[in-house]
There are 2 protein chains.
Amino acid sequence: MHGLVRFLIRNKIAILYGISLALLLFLLKWLELRFLIVNHAIEIYVGAIALLFTGLGIWLAQKLTRPKVETVVVEKAVYQPTPPVFSLNEEALDKTGLSKRELEVLQLIAEGLSNQEIAARLFVSLNTVKTHSSNVLEKLDVKRRTQAVEKARRLRLIP
Amino acid sequence: MHGLVRFLIRNKIAILYGISLALLLFLLKWLELRFLIVNHAIEIYVGAIALLFTGLGIWLAQKLTRPKVETVVVEKAVYQPTPPVFSLNEEALDKTGLSKRELEVLQLIAEGLSNQEIAARLFVSLNTVKTHSSNVLEKLDVKRRTQAVEKARRLRLIP
DNA sequence: GGCTAAATCACCCGAAAGAATGAGCGCCAA
DNA sequence: TTGGCGCTCATTCTTTCGGGTGATTTAGCC
């Protein structure tokens with residue numbers, strides 16, 4: 001793909017915002033000519049713009065910022081036959097050649113998350129998760145994620 | 001403490017914002033009279049206001065959004081000095097209402113088999129397996145087979 | 001005999017997963 | 001500084017899953 005197109009895609013939110021802003025300014029200018037600017041109505045005009053763009057800013061912030069997360073830990077007793085002292089099998093991990101990120105994805109897969117959910121959790125795109133999960137499947141030499149989980153558990157790569 | 005004071009404290013951010021906005025508007029009005037509004041400069045003026053209040057909105061959003069409370073259920077192992085061999089949790093099995101066949105399918109799912117492979121293994125049609133697996137997902141109250149496996153393991157329905 | 005639950009199978013449709021390929025970017029060691 | 005590796009993202013296409021609905025058969029039970 002050409003650099004320009006990629007650039008456009010990468011910055012689509014910013015570009016859309018810019019376009020929206022331009023359109024809004026145009027609209028406001030037009031409205032000003034038609035209705036608003038009767039004598040001494042500029043305060044209303046400015047106030048409206050202020051409110052509008054404050055809202056826009058809030059929306060923008062919502063879109064662009066990562067969600068603040070405050071974790072509340074609730075302990076829940078669950079009875080389990082074996083004390084789950086999990087120790088990662090480094091040897092097996094080496095043998096598979098899984099990278100850190102791939103192991104991370106594998107763990108989330110084992111928790112039953114969908115690719116989409118994993119993407120959200122790791123703040124990456126769905127495509128990236130799919131690439132990682134594909135690599136995991138290949139490196140574990142399996143065909144499905146459920147198999148990957150089963151095998152990883154046997155190899156003690158995950159609890 | 002008096003109601004009014006409490007109200008003021010509760011809403012201090014909103015009030016501060018209101019005051020700031022009023023001050024800014026006043027300032028802008030004053031600037032307008034002094035410098036900015038020479039002929040045809042209103043576009044610049046409006047643009048500046050737009051940018052300013054967009055920033056203000058972003059800042060406001062940062063301040064006002066309450067962090068998403070994410071409840072993390074930490075499962076504290078209540079240890080049970082029973083053998084490491086698997087014993088099916090009949091009680092949990094009853095509670096889920098899984099039939100014998102459904103449990104069978106669940107076990108094969110946990111082994112990482114596809115529906116097609118399960119069908120071959122059980123000598124039934126693919127559609128039948130899909131029905132069973134659908135029932136399993138519903139009865140375990142999950143959305144994906146990986147989740148079903150994870151939950152079933154926790155409930156000790158499968159090894 | 002009628003009722004019920006389980007098991008079987010079918011068809012449709014949308015969502016998710018996976019395979020294959022290409023590519024840009026940052027880092028690090030040779 | 002170059003080459004490899006890890007991470008990221010995209011596009012296209014195929015397969016698999018999963019939801020919804022309905023139908024038939026069988027076995028057990030009152």
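Since we're looking at a predicted model, the values are computed, not measured.
In this entry the distance linking CG of A:L93 with P of D:dG6 reads 12 Å, nearest Å. Atom CG in A:L140 sits roughly 12 Å away from atom P in C:dG18 (whole-Å rounding). Separating the CG atom of B:L98 from the C1' atom of C:dA5 is a distance of 14 Å, rounded to the nearest angstrom. Atom-to-atom, CG of B:L137 to P of D:dG20 comes out at 11 Å; the value is rounded to the nearest Å. When the P atom of C:dA7 is taken as reference, atom CD of B:E104 falls 9 Å away, rounded to whole Å. As a whole-Å value, the separation of B:K100 NZ from C:dT8 P is 11 Å. Spacing between atom CD of A:Q147 and atom C1' of D:dC17 amounts to 15 Å, rounded to whole angstrom units. At whole-Å resolution of the value, NZ in A:K130 and P in D:dC9 are 14 Å apart.
Each of B:R153, B:Q147, B:R154 was checked for a side-chain hydrogen bond (donor to acceptor under 3.5 Å, both in side chains) with B:E150, and the lone residue meeting it is B:R154.
An OP1 or OP2 oxygen of D:dC7 is reached within less than 4.0 angstrom by a side-chain nitrogen or oxygen of A:S99. A sub-4.0 Å separation between OP1 or OP2 of C:dA7 and a side-chain N or O of B:R101 is absent. Taking side-chain N and O atoms only, A:S125 has a distance below 4.0 Å to OP1 or OP2 of D:dA10. For the OP1/OP2 pair of D:dT8 and a distance below 4.0 Å, the side-chain nitrogens and oxygens of A:H132 include at least one atom meeting the criterion. A:R144 has no side-chain polar atom (N or O) that falls below the 4.0 Å cut-off from OP1 or OP2 of C:dA17.
With hydrogens and angles ignored, the 3.5 Å screen pairs a side-chain donor or acceptor of A:K139 with a backbone N or O of A:G97.
Comparing B:G97 and A:K143, the nucleotide of DNA chain C nearest to each residue sits closer to the 5' end for B:G97. Nearer the 5' end of DNA chain D, as judged by each residue's closest nucleotide, is the contact made by A:E102, out of B:N115 and A:E102. The residue among B:K139 and A:L113 whose nearest nucleotide of DNA chain C is located toward the 5' end is B:K139.
Taking CD of B:E111 as the reference point, atom CZ of A:R144 lies at 11.5 Å (rounded to 0.5 Å). How far CG of A:L137 is from CD1 of A:I109: 6.5 Å, rounded to the nearest 0.5 Å. Taking CG of B:D141 as the reference point, atom NZ of B:K151 lies at 5.0 Å (rounded to 0.5 Å).
A:N127 comes within 4.0 angstrom of a base, heavy atoms only. Note on A:T128: a base of the nucleic acid sits closer than 4.0 angstrom, heavy atoms only. Residue contacts for B:L126: at a heavy-atom cut-off of 4.0 Å it reaches no nucleic acid atom on any strand shown.
A donor-acceptor contact under 3.5 Å links the side chain of A:T131 to the base of D:dC9.
Defined by atom type and a distance below 3.5 Å, a donor-acceptor pair is missing between the side-chain atoms of A:N135 and A:R101.
Closest to the side chain of B:S133, from the set C:dA17, D:dG18, D:dT8, is D:dG18.
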